[in-house]
Amino acid sequence: CSQEWHESSSMIDVQQRIAELRVTLRCGDFPGGSTDTVDGLIEMIEATQPKKVLEIGSGRGVSTEVFLLHCEHVVSVDPYDFFPERRHYDIELSPGWRAAFESRCGGYPNLTAVRGFSPDALLKMAPQYFGYFDLLYVDGNHEYQQVFDDVRAGWHLVCEDGWLAGHDYLTPGNDHNVIAAVDAMFGKENLTIFSDTSWLIRRPVQQPGAVVGGL
């Protein structure tokens, strides 16, 4: 995919496209100030220089396209379809976000789109992608247990000197407990937090422990 990526990137003005993405809202319908931009994400990519990225939760594809413009191979995991057990907002947002993602990212040859819920989708990917990725970026379900499960399942797929990261390191809310989950796994000391609330840490040698108590 490396050759295809270089051929594709030569056909577009990458810097112009990145400049356009800097003023594009990630969530769109629910703007969140600096947390809804990609400036911090670009800073994180520039700091880590990943070539192969696994993104859990792609939404409208804004962050995915940023990865696609910088990296040789991006694997996106997102169900996009409504299931009865999911929350009401999935009914409203999922169809529109799926179309937006396909329109924005579907033409990139360095994209592999996996349709499914994590962590089950990641466990199925393990034989093919064990230790393959330089960076895991978690931006799916933000509940405490789900963040734990996504990181634990994705840990096997990241190379030993790779990175674990994610979005929305925010004060806990109704269904946002990213800070609590990430701190419970890694502590605050070695975390790097970027302006868009992306968090980043080197992949630990040992897989993060199972959750002891949730919120």
Side-chain angles (χ1 to χ4, degrees), residues 1-10 12 14-15 17-22 24 26 35 37-78 101 104-114 118-119 121-122 125-140 147 150-169 178 182 185-186 190-208:
C1 68
S2 177
Q3 182 178 356
E4 290 182 345
W5 174 71
H6 285 298
E7 290 175 353
S8 174
S9 63
S10 66
I12 62 175
V14 174
Q15 293 306 315
R17 188 70 197 123
I18 291 174
E20 293 170 355
L21 287 167
R22 285 185 183 274
T24 301
R26 294 169 78 162
T35 68
T37 68
V38 298
D39 289 342
L41 180 65
I42 293 173
E43 293 172 15
M44 187 191 73
I45 293 171
E46 292 174 345
T48 57
Q49 296 290 307
K51 293 183 179 180
K52 301 168 184 176
V53 171
L54 172 59
E55 180 184 46
I56 302 175
S58 298
R60 298 166 64 241
V62 178
S63 58
T64 312
E65 188 176 13
V66 172
F67 284 125
L68 289 165
L69 289 166
H70 287 87
C71 308
E72 292 183 7
H73 188 199
V74 178
V75 176
S76 160
V77 177
D78 201 307
F101 175 88
R104 181 181 299 280
C105 302
Y108 283 88
N110 54 325
L111 170 68
T112 299
V114 176
S118 61
L122 273 61
M125 292 166 54
Q128 179 180 0
Y129 288 109
F130 190 89
Y132 175 81
F133 297 99
D134 304 303
L135 174 71
L136 166 68
Y137 192 75
V138 178
D139 193 16
V147 176
D150 286 349
V151 171
R152 281 175 53 81
W155 178 89
H156 298 281
L157 309 182
V158 179
C159 61
E160 291 185 359
D161 60 345
W163 300 88
L164 304 180
H167 193 219
D168 292 313
Y169 189 82
V178 176
V182 171
M185 283 186 281
F186 308 115
N190 296 317
L191 283 178
T192 300
I193 310 299
F194 294 87
S195 60
D196 67 332
T197 68
S198 285
W199 59 270
L200 174 73
I201 193 168
R202 276 284 186 186
R203 175 192 182 274
V205 175
Q206 295 184 337
Q207 182 188 31

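Side-chain polar atoms of His73 and Thr112 form a donor-acceptor pair below 3.5 angstrom. For the residue pair Ser118 and Asp150, a side-chain donor N or O sits within less than 3.5 Å of a side-chain acceptor on the partner.
Residues Glu55 and Val77 fail the side-chain proximity criterion, which asks for heavy atoms closer than 4.5 Å. Within the 4.5 Å cutoff, side-chain heavy atoms of Phe186 are placed close to those of Val151. Counting heavy atoms from C-beta outward, Asp139 and Tyr137 have side chains that approach closer than 4.5 Å. Using a 4.5 Å heavy-atom cutoff, the side chains of Val66 and Ile45 are in contact.
For the atom pair CD1 of Ile56 and NE2 of His167, the computed distance is 15.0 Å after rounding to the nearest 0.5 Å. Rounding to the nearest 0.5 Å gives a distance of 10.5 Å between CD of Gln207 and CE of Met185. Between Arg202 atom CZ and Leu164 atom CG the span is 10.5 Å, to the nearest 0.5 Å. Rounding to the nearest 0.5 Å gives a distance of 10.0 Å between CG of Leu21 and CG of Leu68. Atom CG of Leu54 sits about 9.0 Å away from atom OH of Tyr129, to the nearest 0.5 Å. Here SG of Cys159 is found 11.0 Å from CG of Leu136. Values are rounded to the nearest 0.5 Å.
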_Check against side-chain contact (heavy atoms from CB on, under 4.5 Å), Tyr169 and Phe194_ = CA-CA 9 Å; Tyr169 189 82; Phe194 294 87; over 6 Å; no
*Between Thr64 and Tyr108, is a side-chain hydrogen bond (donor to acceptor under 3.5 Å, both in side chains) present by the stated rule, with each step listed?*
CA-CA 10 Å; Thr64 312; Tyr108 283 88; over 6 Å; no
*Applying side-chain contact (heavy atoms from CB on, under 4.5 Å), run through Met125 and Gln128 and close with a yes or a no.*
CA-CA 6 Å; Met125 292 166 54; Gln128 179 180 0; 5.9 Å; no
_For Trp163 and Leu200: C-alpha separation, side-chain torsions, deciding distance, then whether side-chain contact (heavy atoms from CB on, under 4.5 Å) applies._
CA-CA 7 Å; Trp163 300 88; Leu200 174 73; 3.5 Å; yes
*Run the numbers on Ser76 and Val114 for side-chain contact (heavy atoms from CB on, under 4.5 Å), then give the verdict.*
CA-CA 6 Å; Ser76 160; Val114 176; over 6 Å; no
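Contact record, Val182 with Val147: CG2-CG1, 4.4 Å, taken as the closest heavy-atom pair. Contact detail for Gly59 and Phe101: the closest heavy-atom pair is O-CB, 3.6 Å. When all heavy atoms of Cys105 and Leu111 are compared, the closest pair comes out as O-CD2, 3.5 Å. Across all their heavy atoms, Asp196 and Thr37 have their closest contact at CB-O, 3.6 Å. The two residues Leu135 and Ala165 come nearest to each other via the heavy atoms CD1-CB, 3.8 Å. Contact record, His156 with Arg152: CD2-O, 3.6 Å, taken as the closest heavy-atom pair.
None of Arg104, Arg60, Arg22, Arg26 except one satisfies the salt bridge (charged side-chain N to carboxylate O under 4.0 Å, His left out) rule with Glu65; the exception is Arg104.
Judged by distance alone, with hydrogens and angles left aside, the side-chain atoms of Asn110 form a donor-acceptor pair with the main-chain N or O of Cys71 at under 3.5 Å. At distances below 3.5 Å, at least one donor-acceptor pair connects side-chain atoms of Thr24 with backbone N or O atoms of Glu20. The backbone N or O of Lys52 lies less than 3.5 Å from no partner atom in the side chain of Glu72, so there is not a single donor-acceptor pair.
Electrostatic pairing of Arg203 and Asp161 does not count as a salt bridge here, judged by no charged N lying under 4.0 Å from a carboxylate O.
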